[in-house]
Asks: 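To start, I am sharing the structure in question, which I have written as structure tokens.
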Amino acid sequence: MTTLTPAPRAVRTDPPHRPGKRETPHKWRRRIPLLPALIFTIVVTQLPFVATLVISTFQWNILKPGERHFTGLSNYGFVFTDERLRTAVLNTIVLTASVVILSVVLGLGLALLLDRRFPGRGLARTLLITPFLVMPVAAALLWKHAIYNPDYGLINGTLNAVYRLFGAENGPTIDWLSHSAMPAVVAALVWQWTPFMMLILLAGLQAQPGDVLEAARVDGASARQTFRHITLPHLRQYIELGVLLGTIYVVQTFDAVFTITQGGPGSQTTNLPYEIYLTMFRKYEYGEAAAAGVVVVIGSIVVATFALRTIASLFREEVSR
């Protein structure tokens with residue numbers, strides 16, 4: 001007796017799936033709702049930048065409208081060789097570095113304090129964040145009149161009160177904006193940007209793995225050793241992020257310089273944005289101002305690129321946990 005076995009079914013072999021050709025139209029259909037936002041962004045940001053690039057290649061003084069002519073890259077040569085602009089670049093570097101470094105150091109100290117549990121911690125966090133929420137012009141006016149004013153400012157008032165405690169009739173009357181213009185602007189900006197650094201570093205502190213800290217305590221590590229070998233390396237990327245973002249914003253500072261000192265005395269606090277303002281609205285040299293603006297934008301883009309890479313690395317770390 002023979003057993004009949006069924007014939008094997010033919011296996012259907014389909015051509016290999018190529019996701020690129022079939023999914024590309026689907027991807028574009030999902031991105032179509034974003035096109036209005038993209039077009040709006042291009043119109044608002046890129047077209048003015050292209051216009052600035054074009055203007056930067058012209059010798060154009062609004063007081064001499066008939067003498068406008070194309071000069072190529074000569075305005076950029078002026079930007080890198082003019083003494084006033086070199087001074088403005090140096091002031092910008094000093095101002096930005098001072099504000100960012102001091103803000104990061106103070107923000108780290110405040111973040112370490114607020115990371116501990118104590119009564120009223122929520123209220124303390126709210127109060128410490130408040131300076132960052134104040135409008136820049138309002139903050140500059142506050143420091144100029146309420147703190148630095150030689151007649152009724154807080155600093156001189158405090159000095160006079162201390163002198164009277166020791167028997168003196170009056171204390172010194174110091175014009176802080178004339179004697180210490182750059183430190184005055186730096187102090188006002190540090191007061192405003194320290195909460196920003198504090199928030200970033202506080203987020204980094206609260207993202208520390210608790211098991212690692214617990215293991216360090218079990219092994220007998222002191223608070224200083226834990227901070228040096230565990231907390232500080234963990235905060236490295238958060239510190240880099242704060243430095244990069246702070247640099248992007250502080251390098252564009254105009255409000256504080258214009259409101260508090262107007263670049264003086266003797267151009268001691270004139271930074272690049274304020275020098276561009278002077279070139280544009282005092283000298284009426286549109287081409288030179290546009291070239292200086294392009295240089296500032298390119299520098300900001302370079303810093304922003306590093307900031308975006310740091311943010312991306314932070315996100316990758318969070319996803320991998």
Side-chain angles (χ1 to χ4, degrees), residues 83-112 128-149 153-155 174-202 232 235-236 238-278 292 295-297 299-300 302-304 306-307 310:
E83 184 178 355
R84 288 181 58 88
L85 284 170
R86 285 203 301 268
T87 303
V89 170
L90 180 61
N91 290 338
T92 303
I93 294 173
V94 172
L95 180 66
T96 304
S98 302
V99 172
V100 170
I101 292 173
L102 291 175
S103 298
V104 168
V105 172
L106 293 176
L108 177 59
L110 292 174
L112 290 172
L128 288 173
I129 294 171
T130 302
F132 186 66
L133 304 178
V134 179
M135 294 291 292
V137 175
L141 288 172
L142 173 68
W143 279 82
K144 180 179 181 180
H145 294 290
I147 298 178
Y148 293 139
N149 190 280
L154 179 62
I155 298 179
I174 304 174
D175 189 355
W176 297 99
L177 298 182
S178 298
H179 290 82
S180 306
M182 180 62 79
V185 177
V186 168
L189 291 174
V190 167
W191 175 79
Q192 191 168 20
W193 282 99
T194 296
F196 176 78
M197 304 299 180
M198 180 194 70
L199 287 176
I200 293 178
L201 297 176
L202 184 59
L232 199 57
L235 290 178
R236 181 183 63 83
Y238 293 90
I239 294 174
E240 291 176 356
L241 177 61
V243 169
L244 291 171
L245 292 179
T247 302
I248 293 172
Y249 289 107
V250 176
V251 79
Q252 304 175 32
T253 298
F254 175 81
D255 315 76
V257 174
F258 177 79
T259 306
I260 297 176
T261 63
Q262 293 192 349
S267 300
Q268 292 182 21
T269 58
T270 300
N271 61 346
L272 269 175
Y274 189 72
E275 182 61 33
I276 293 172
Y277 162 79
L278 293 178
V295 172
V296 173
V297 169
S300 301
V302 172
V303 178
F306 288 102
T310 304

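These numbers come from a predicted model, not from an experiment.
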Asks: F258 and Q262: which non-hydrogen atoms are nearest, and at how many Å?
Replies: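 Heavy atoms of F258 and Q262 come nearest at O-CG, 2.9 Å.
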Asks: Rounded to the nearest 0.5 Å, how far apart are CD1 of I155 and CD1 of I174?
Replies: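 Rounded to the nearest 0.5 Å, the CD1-CD1 separation comes to 9.0 Å.
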Asks: Which residues satisfy the ring pair (Phe, Tyr, Trp, His ring centres under 6.0 Å) test with F306, sequence neighbours excluded?
Replies: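 Testing F306 for ring pair (Phe, Tyr, Trp, His ring centres under 6.0 Å), a comparison that skips the adjacent residues, returns none.
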Asks: Would you give the length of the straight line joining atom CD1 of I129 to atom CG of L110, rounded to the nearest 0.5 angstrom?
Replies: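 One gets 11.0 Å once the value is rounded to the nearest 0.5 Å.
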Asks: Can you list, pair by pair, the side-chain donor-acceptor contacts under 3.5 Å of residues 189-200, counting residues two or more places apart and other chains?
Replies:
unit_1, atom_1, unit_2, atom_2, d
Q192, NE2, V134, O, 3.0
T194, OG1, V190, O, 2.6

Asks: V251: which residues meet the side chain to side chain contact (heavy atoms under 4.5 Å, CB included) condition with it, sequence neighbours left out?
Replies: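 Partners of V251 by the side chain to side chain contact (heavy atoms under 4.5 Å, CB included) criterion, ordered by chain and then number, come out as T92, T96, S300.
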Asks: With sequence neighbours left out, what residues match L141 under side chain to side chain contact (heavy atoms under 4.5 Å, CB included)?
Replies: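 Checked L141 against side chain to side chain contact (heavy atoms under 4.5 Å, CB included); matches are V137, H145, T259.
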Asks: As an exercise, state the distance from CD1 of I276 to OG1 of T270, rounded to the nearest 0.5 Å.
Replies: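 Rounded to the nearest 0.5 Å, the CD1-OG1 separation comes to 12.0 Å.
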Asks: Which residue pairs pass the salt bridge (Lys or Arg N to Asp or Glu O under 4.0 Å) test when at least one of the two sits in residues 259-275, sequence neighbours left out?
Replies: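 Those involving residues 259-275 are R84-E275.
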Asks: Side-chain contact, heavy-atom cut-off 4.5 Å: L232 with I239?
Replies: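 Side-chain contact under 4.5 Å: yes.
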Asks: To the nearest 0.5 Å, what is the distance between CD on Q252 and OG1 on T247?
Replies: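 It comes to 11.0 Å.
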Asks: Starting at CG of L142, measure out to CD1 of I260 and round the result to the nearest 0.5 Å.
Replies: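 The CG atom of L142 sits 9.5 Å away from the CD1 atom of I260.
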Asks: Which residues satisfy the side chain to side chain donor-acceptor pair (under 3.5 Å) test with D255, sequence neighbours excluded?
Replies: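 Once residues adjacent in sequence are excluded, D255 has no partner under the side chain to side chain donor-acceptor pair (under 3.5 Å) criterion.
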Asks: Tell me every residue that passes side chain to side chain contact (heavy atoms under 4.5 Å, CB included) with S178, counting only those two or more places apart in sequence or in another chain.
Replies: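 Checked S178 against side chain to side chain contact (heavy atoms under 4.5 Å, CB included); matches are D175.
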Asks: Is there a side-chain contact between V99 and T253 in this structure, where contact means two heavy atoms from C-beta onward sitting under 4.5 Å apart?
Replies: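 Not touching, per the 4.5 Å side-chain cut-off.
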Asks: According to side chain to side chain donor-acceptor pair (under 3.5 Å), who are the partners of R236, at least two apart in sequence or on a separate chain?
Replies: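 Scan of R236 (side chain to side chain donor-acceptor pair (under 3.5 Å), adjacent residues dropped) gives E240.
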Asks: Strictly by salt bridge (Lys or Arg N to Asp or Glu O under 4.0 Å), give each pair with a member in residues 180-201 just once, sequence neighbours left out.
Replies: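 Sorted result for residues 180-201: empty, none.
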Asks: List the atom of V303, the atom of L244, and the distance in Å for their closest heavy-atom pair.
Replies: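 The pair with the smallest heavy-atom distance is CG1-O, 3.7 Å.
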Asks: Which pair of heavy atoms, one from V104 and one from L201, lies closest together, and at what distance?
Replies: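 Closest heavy-atom pair between V104 and L201: O-CD1, 3.8 Å.
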Asks: Can you name the closest pair of heavy atoms from A187 and Y148 and give their distance?
Replies: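 Between these two residues, the closest heavy atoms are CB-OH, 3.4 Å.
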Asks: Go through the structure and list residues passing side chain to side chain contact (heavy atoms under 4.5 Å, CB included) with A181, not counting sequence neighbours.
Replies: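 Scan of A181 (side chain to side chain contact (heavy atoms under 4.5 Å, CB included), adjacent residues dropped) gives T261, P265, Q268, T269.
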Asks: Which heavy-atom pair separates Y249 from L245 by the least distance, and what is that distance?
Replies: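 Closest approach of Y249 to L245, heavy atoms only: CD1-O, 3.0 Å.
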Asks: Once you round to the nearest 0.5 Å, how far does CG of L108 lie from CG of L202?
Replies: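 It is 10.5 Å, given to the nearest 0.5 Å.
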